[in-house]
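As structure tokens, the structure follows; a few thoughts come after it.
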Amino acid sequence: MAFSLFDSKGTDIDKQRFTWRDMVQKPISKLDDDAFTRIRVILINGLETEALRFGHLAARFNRDLRLPLAKVRRTEQHQATLVNWLIAADHSPLETTVAYEQVAIEVTAAIAQSEPDPYLAQVYRFGLLEDFDHLYRYAALLDRLEGKDANNILQSYTDILPGRPTSEHHRAPEDELREPYNARTAAFLSKINALTIVSSEYQTHDYYQNIGPLFSDPLARQLYAEIASVEEQHVTQYESMLDPAESWIEQWLLHEAAECYNYYSCVEQETNHHLRAIWERFLDYELGHFHMACEAFKQFERRDPAEIVTSDFANPLALRSQRDFVRKVLMDEVDVRTDGARFVARALESPLSLSYRAMVNADGSPSEMVAAGYVWMPGTELNRKGMLAAAGVNAP
């Protein structure tokens with residue numbers, strides 16, 4: 001069913017209220033809830049933290065917007081708290097890391113297939129194969145450090161296989177920037193897709209930066225350092241797709257539209273009734289924020305929001321397993337590399353990136369070391385070694 005941002009005014013900002021108890025609700029179950037419920041929680045938290053970040057930056061440069069943005073940010077802060085606190089305390093930091101990579105894979109794959117611009121779709125497929133490999137490296141670390149099978153988190157929706165090797169993700173800044181969409185001609189969905197992925201990747205980068213130092217294992221600390229660096233590259237790549245000619249108010253309007261679209265997608269697909277009620281409530285809140293941005297757009301730019309919101313959303317973002325698509329991209333594009341903003345064959349990769357990679361990997365790559373000899377199978381390596389020993393076979 002199509003979704004129009006203009007059909008409802010949502011909840012007025014002055015009626016968007018929280019108490020502390022309201023803000024901290026019953027968390028999801030690590031094993032009993034569907035993995036895509038957790039995917040939705042992590043995705044939405046990324047959208048909310050991006051809204052907060054953008055709102056603070058916009059207020060620094062726009063005095064007239066400081067009060068409306070402050071009001072919106074207060075609600076966004078409490079929404080972000082409620083959503084992020086839905087992750088149960090029984091998730092270890094490493095299990096949550098595996099969940100973050102599942103979000104990156106499934107959401108990026110869904111967006112790549114919905115993206116109407118062929119070049120932008122290529123950007124998403126390129127990043128997809130790198131997040132796919134990050135999942136494999138963290139799955140190996142989870143097995144070896146905590147003796148846990150990553151599939152307990154993934155629930156068989158997402159494969160645990162090598163992608164484009166993480167040791168080869170490290171590129172020179174000159175090869176990380178992409179061509180931006182043209183704000184005047186790009187499809188509305190292209191703008192929403194770009195903001196959704198920027199939000200998700202920024203959240204992942206910040207999580208790894210904060211979680212990495214909490215590990216005592218030296219290799220785990222190095223792995224988080226390596227992949228956090230790649231996530232910064234991903235944020236650079238995806239945010240370079242945004243048109244820098246967009247005004248602050250235009251960007252605010254698009255941020256609110258992106259939040260509405262993602263909440264709508266969650267409402268349409270959520271299987272946990274308690275969370276569905278939260279998504280419905282917050283969709284109404286975001287529609288209220290969207291119409292505040294529309295009024296600011298009319299007041300300060302003397303423009304019609306319909307110039308930006310040029311279409312309804314025909315379908316929700318497909319938050320379901322994208323295994324077949326990911327496998328095809330892996331088969332066809334694992335050797336794709338970059339030279340400036342262009343995607344090229346491996347043999348034509350930019351010399352600047354080859355030089356940078358040689359420097360940063362000079363002491364070895366943690367992602368290669370952590371997965372040395374690792375091949376995922378159901379269970380853990382300790383289980384398999386025990387079974388082999390019982391059968392009288394020497395474990396490798």
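Just the heavy atoms: all of them, side chains too, but no hydrogens, waters or symmetry mates, feed the values below.
One distance of note links CG of Leu319 with CD of Gln269; it measures 4.5 Å at 0.5 Å rounding. With rounding to the nearest 0.5 angstrom, the CZ atom of Phe54 is 7.5 Å from the CG atom of Leu69. If you take OG1 on Thr338 and CG on Leu348, they are separated by 11.5 Å, rounding to the nearest 0.5 Å.
Sorted by first and then second residue, the pairs that involve residues 308-339 and meet ring-ring contact (aromatic ring centres under 6.0 Å, His included), not counting sequence neighbours, are Phe188-Phe313, Tyr261-Phe313. Counting only residues at least two apart or in different chains, salt bridge (charged side-chain N to carboxylate O under 4.0 Å, His left out) contacts with residues 155-176 comprise Glu130-Arg164, Glu130-Arg171, Asp159-Arg323, Asp159-Arg327, Glu168-Arg337, Glu168-Arg346, Arg171-Glu176, Glu176-Arg178. Every pair passing ring-ring contact (aromatic ring centres under 6.0 Å, His included) that includes a residue from residues 60-80 is listed here, sequence neighbours excluded: Phe18-His78, Phe61-Trp248.
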Pair Lys148-Leu94, side-chain contact (heavy atoms from CB on, under 4.5 Å): steps then yes or no: CA-CA 10 Å; Lys148 296 175 181 175; Leu94 192 42; over 6 Å; no

Audit row: Arg53, Tyr202, side-chain contact (heavy atoms from CB on, under 4.5 Å) steps and yes/no: CA-CA 10 Å; Arg53 185 184 307 112; Tyr202 213 129; 3.4 Å; yes

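Judged by distance alone, with hydrogens and angles left aside, the side-chain atoms of Glu201 form no donor-acceptor pair with the main-chain N or O of Glu231 at under 3.5 Å. Judged purely by atom type and a 3.5 angstrom limit, Gln155 has no side-chain atom pairing as donor or acceptor with the backbone of Asn152. Of the possible donor and acceptor atoms, none in the side chain of Glu101 sits under 3.5 Å from a partner among the backbone N and O of His134. The backbone N or O of Ala139 sits nowhere less than 3.5 Å from a side-chain atom of Asp143 that would complete a donor-acceptor pair. A donor-acceptor pair under 3.5 Å is formed between the side chain of Gln113 and the backbone N or O of Ala109. In terms of modelled atom types and a separation under 3.5 Å, the side chain of Asp117 and the main chain of Tyr119 share a donor-acceptor contact. Formation of a donor-acceptor pair under 3.5 Å by the Glu115 side chain with backbone atoms of Asn193 is not found in this model. In this structure, Ser265 contributes its side chain and Leu317 its backbone to a donor-acceptor pair below 3.5 Å. Not one N or O on the side chain of His170 forms a donor-acceptor pair closer than 3.5 Å with the backbone of Glu226. Remark: the backbone N or O of Pro378 is not paired with any side-chain donor or acceptor of Asn151 at under 3.5 angstrom.
Using a 4.0 Å cut-off between a side-chain N of Lys or Arg and a carboxylate O of Asp or Glu, Glu95 and Arg38 do not qualify as a salt bridge. Taking a cutoff of 4.0 Å between a charged side-chain nitrogen and a carboxylate oxygen, Lys15 and Asp12 do not qualify as a salt bridge. By the 4.0 Å N-to-carboxylate-O rule, Glu250 lies close enough to Arg303 to be salt-bridged with it. Electrostatic pairing of Glu76 and Arg73 does not count as a salt bridge here, judged by no charged N lying under 4.0 Å from a carboxylate O. Ion pairing of Lys328 with Asp324 is absent here, as no side-chain N (NZ or NE/NH1/NH2) approaches a carboxylate O to less than 4.0 Å.
Gln209 and Glu232 share no side-chain donor-acceptor pair at under 3.5 Å. For the residue pair Thr49 and Gln203, no side-chain donor N or O sits within less than 3.5 Å of a side-chain acceptor on the partner. Looking at Asp284 and Ser8, their side chains never bring a donor and an acceptor atom within 3.5 Å of each other. Side chains of Asp22 and Gln25: a donor on one and an acceptor on the other come within 3.5 Å.
When the ring-ring contact (aromatic ring centres under 6.0 Å, His included) test is applied to Phe3, the partners found at least two apart in sequence or on another chain are Tyr264. Partners of Tyr207 by ring-ring contact (aromatic ring centres under 6.0 Å, His included), not counting sequence neighbours, listed by chain and number: Tyr100. Scanning for ring-ring contact (aromatic ring centres under 6.0 Å, His included) contacts around Tyr181 gives an empty result, with sequence neighbours left out.
With a 4.5 Å cut-off on side-chain heavy atoms, Ile105 and Gln322 do not count as touching. Leu195 is listed as a side-chain neighbour of Leu242, based on a closest heavy-atom distance under 4.5 Å. Tyr224 is listed as a side-chain neighbour of Leu141, based on a closest heavy-atom distance under 4.5 Å. When side chains are defined from C-beta on, Phe215 does not count as touching Leu223, because their heavy atoms never get closer than 4.5 Å. In this structure, Ile87 and Ile42 have side chains that are in contact, with non-hydrogen atoms separated by less than 4.5 Å. Proximity of Thr166 to Ile227: side-chain heavy atoms (C-beta onward) are separated by under 4.5 Å at one or more points. Using a 4.5 Å heavy-atom threshold, the side chains of Trp376 and Tyr136 count as separate. Taking the side chain as every heavy atom from C-beta outward, Glu301 and Glu307 never approach each other to under 4.5 Å.
Here the closest heavy-atom approach between residue Arg125 and residue Ala112 is recorded as CG-CB, 4.1 Å. For the pair Val370 and Ala140, the tightest heavy-atom approach, listed with the atom from each and the gap, is O-CB, 3.7 Å. The minimum heavy-atom distance linking Val103 with Ser200 is given by the pair CG1-OG, 4.1 Å. Pairing each heavy atom of Phe36 with each of Asp34, the nearest pair is N-OD2, 2.9 Å.
Residues Val235 and Leu57 are members of separate hydrophobic clusters, defined by side-chain heavy-atom contacts under 4.5 angstrom among Ile, Leu, Val, Met, Phe, Trp and Tyr.
Taking the six-membered ring where the residue is Trp, the centroids of Tyr263 and Tyr285 are separated by 6.0 Å or more.
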